[in-house]
Protein chains: 2
Amino acid sequence: MTARPPSEQTLELAAFVPFRLNRLAAGVSEHLAVVYQRRFGLDIPQWRVVATVGPQQACTAQSIAASTRMHKTRVSRAIAELEARQLVERASSAEDRREREIRLTKAGRRIYGELVPLALAREAALLECLSPEQLCGFLGALDTLERYLHLEN
Amino acid sequence: MTARPPSEQTLELAAFVPFRLNRLAAGVSEHLAVVYQRRFGLDIPQWRVVATVGPQQACTAQSIAASTRMHKTRVSRAIAELEARQLVERASSAEDRREREIRLTKAGRRIYGELVPLALAREAALLECLSPEQLCGFLGALDTLERYLHLEN
DNA sequence: CCCATACGGTTGCGCGCGCAACCATTTGTG
DNA sequence: CACAAATGGTTGCGCGCGCAACCGTATGGG
């Protein structure tokens with residue numbers, strides 16, 4: 001009983017939220033890339049690993065995979081690269097010798113210490129252009145959508 | 001004159017907006033994939049091409065690239081695939097024979113007619129879980145951030 | 001105690017993407 | 001009018017990713 005047949009419906013990609021989200025996420029990533037890529041030679045997976053290991057004393061590959069929602073192979077390769085550059089080190093866990101405990105090296109901690117403030121500043125600059133109501137609604141919407149899609153870590 | 005050295009700052013990836021945006025965009029894409037992928041065998045670039053050509057009578061590869069912000073090679077390959085499946089057709093433009101005018105075939109228009117309502121419904125379902133204030137702030141923030149990052153089509 | 005199963009992690013492979021180079025055509029300039 | 005430069009579009013190549021298969025270790029059931 002709709003007035004118009006479905007074929008008359010149209011879709012403007014530029015107004016379609018899923019598309020806009022993809023584009024925005026790519027834009028924000030690019031906006032952020034200068035701090036970890038151009039400056040420290042890290043790509044996104046490597047930066048995520050460093051950011052995840054950073055606050056902790058040690059963690060395993062799969063705990064990183066779980067909290068970053070990256071595929072375990074992507075995590076594995078990022079760690080291997082970081083180890084080759086001596087930014088992290090791996091040691092077999094004593095209680096479960098399948099696991100390998102991952103820690104930042106001294107050089108890794110130095111990069112982490114430099115990188116985090118820059119990344120946070122870049123995030124803050126981004127959010128500063130929003131009005132308080134926009135910011136509030138935006139962050140709330142992020143929460144709600146993450147729960148709706150079961151993305152919470 | 002900060003009280004704490006920068007190395008004490010820490011970063012929780014799960015609370016870091018650029019990361020959350022990437023994750024959310026991926027989640028929304030996956031949530032949407034069922035309608036164009038599983039049902040019609042289109043991937044994202046192909047779906048974007050169809051969605052862009054759909055409302056128009058004809059358009060060129062680079063106008064698609066501009067409005068979708070996809071790389072021109074990605075557009076080129078998506079179109080080639082769609083042509084092989086006879087969902088679009090190409091004809092050399094009369095006034096500029098470098099250009100190729102792209103149109104949906106009858107089959108392409110049929111898929112477009114089926115696909116658009118499903119995609120819009122899926123988008124609506126997603127946004128329905130937001131409160132009115134969240135929705136308003138979210139959409140406003142999208143606008144603002146797009147302008148800030150110069151992403152508007 | 002043994003063996004099947006599960007689990008942490010790595011690796012070979014195929015695929016899709018972006019870069020750069022390329023072809024064909026058009027436009028601008030002397 | 002000719003030729004250089006720019007433009008629309010396609011293609012060869014290298015790279016990073018996910019899938020599936022794999023290795024080594026741990027665990028549970030007979």
Side-chain angles (χ1 to χ4, degrees), chain A residues 19 22-23 25-27 29-30 33 36-38 41-50 52-53 56 58-85 88-103 151, chain B residues 19 22-23 25-27 29-30 33 36-38 41-50 52-53 56 58-85 88-103 151:
Chain A
F19 169 72
N22 259 299
R23 193 177 59 174
S29 286
E30 194 182 332
Y36 53 72
Q37 217 168 77
R38 230 164 281 182
L42 302 178
D43 59 19
I44 292 187
Q46 290 164 16
W47 146 248
R48 284 183 184 167
V49 168
V50 170
T52 305
V53 183
Q56 313 197 0
C59 62
T60 68
Q62 77 167 1
S63 75
I64 297 174
S67 69
T68 60
R69 289 191 97 83
M70 290 195 292
H71 196 273
K72 62 178 181 171
T73 61
R74 209 171 158 191
V75 174
S76 173
R77 289 187 251 247
I79 293 173
E81 187 70 27
L82 290 170
E83 189 184 33
R85 293 181 51 193
V88 308
E89 55 194 1
R90 286 188 277 201
S92 293
S93 165
E95 77 229 356
D96 185 339
R97 283 164 56 218
R98 292 173 301 181
E99 294 181 354
R100 309 179 71 176
E101 293 175 355
I102 295 150
R103 295 170 211 280
L151 302 174
Chain B
F19 169 72
N22 260 300
R23 194 178 57 174
S29 285
E30 194 181 333
Y36 53 71
Q37 217 167 79
R38 232 164 279 182
L42 301 178
D43 59 18
I44 292 189
Q46 290 164 15
W47 146 248
R48 285 183 183 168
V49 168
V50 169
T52 304
V53 183
Q56 315 198 0
C59 63
T60 69
Q62 77 167 1
S63 75
I64 297 173
S67 69
T68 60
R69 288 192 98 83
M70 289 195 291
H71 195 274
K72 62 178 181 171
T73 62
R74 209 170 158 194
V75 174
S76 174
R77 279 166 214 178
I79 294 173
E81 188 68 29
L82 289 171
E83 190 184 32
R85 293 180 51 192
V88 308
E89 55 194 2
R90 285 187 278 202
S92 292
S93 164
E95 77 229 356
D96 186 338
R97 285 163 56 215
R98 291 172 303 183
E99 292 181 356
R100 309 181 70 176
E101 292 175 354
I102 295 150
R103 294 169 212 282
L151 301 174

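Order of the sequence lines fixes the chain letters, A, B, ..., with proteins taken first and strands second; residue numbering starts at 1 for each chain. Remember, predicted model here, so these are calculated numbers, not experimental data.
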Engineer: Which value, rounded to the nearest 0.5 Å, describes the distance between I79(B) atom CD1 and R100(B) atom CZ?
Structural biologist: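 The CD1 atom of I79(B) sits 9.0 Å away from the CZ atom of R100(B).
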
Engineer: In Å, rounded to the nearest 0.5 Å, how long is the span from CZ of F19(A) to CD1 of I44(B)?
Structural biologist: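 Nearest 0.5 Å value for the CZ-CD1 distance: 11.0 Å.
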
Engineer: Which value, rounded to the nearest 0.5 Å, describes the distance between S92(A) atom OG and R97(A) atom CZ?
Structural biologist: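 One finds 7.5 Å between OG of S92(A) and CZ of R97(A).
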
Engineer: List in numerical order all residues of residues 93-103 of chain A for which some heavy atom is under 4.0 Å away from an atom belonging to DNA chain D.
Structural biologist: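 Close to the strand are D96(A), R97(A), R98(A).
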
Engineer: Taking atom CD as the centre, does E30(B) end up with more than 12 heavy-atom neighbours from other residues, nucleotides or ligands that are less than 6.0 angstrom away?
Structural biologist: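 It does not: E30(B) CD has 12 such atoms or fewer within range.
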
Engineer: Under 3.5 Å, side chain of R23(A) to main-chain N/O of L151(B), donor-acceptor pair present?
Structural biologist: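 Here the side-chain-to-backbone pair exists.
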
Engineer: If the condition is salt bridge (Lys or Arg N to Asp or Glu O under 4.0 Å), which residues does E89(B) pass it with, not counting sequence neighbours?
Structural biologist: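 Salt bridge (Lys or Arg N to Asp or Glu O under 4.0 Å) list for E89(B), sorted by chain: empty.
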
Engineer: Please check the phosphate of dG9(D) (OP1 and OP2 only) for any side-chain N or O of S76(B) closer than 4.0 Å.
Structural biologist: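 Checking dG9(D) against S76(B), no side-chain N or O comes under 4.0 Å of OP1 or OP2.
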
Engineer: Rounded to the nearest 0.5 Å, how far does CD1 of I102(B) lie from CD of Q56(B)?
Structural biologist: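 The distance works out to 10.5 Å.
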
Engineer: Using a 4.0 Å cut-off on protein heavy atoms (strictly under), produce a 5'-to-3' string for nucleotides 14-22 of chain C with B for base contact, S for backbone-only sugar-phosphate contact, and - for none.
Structural biologist: ---BBBB--

Engineer: Could you tell me the separation between the CE atom of M70(A) and the OG atom of S76(A), rounded to the nearest 0.5 Å?
Structural biologist: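 Between atom CE of M70(A) and atom OG of S76(A) there are 11.0 Å.
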
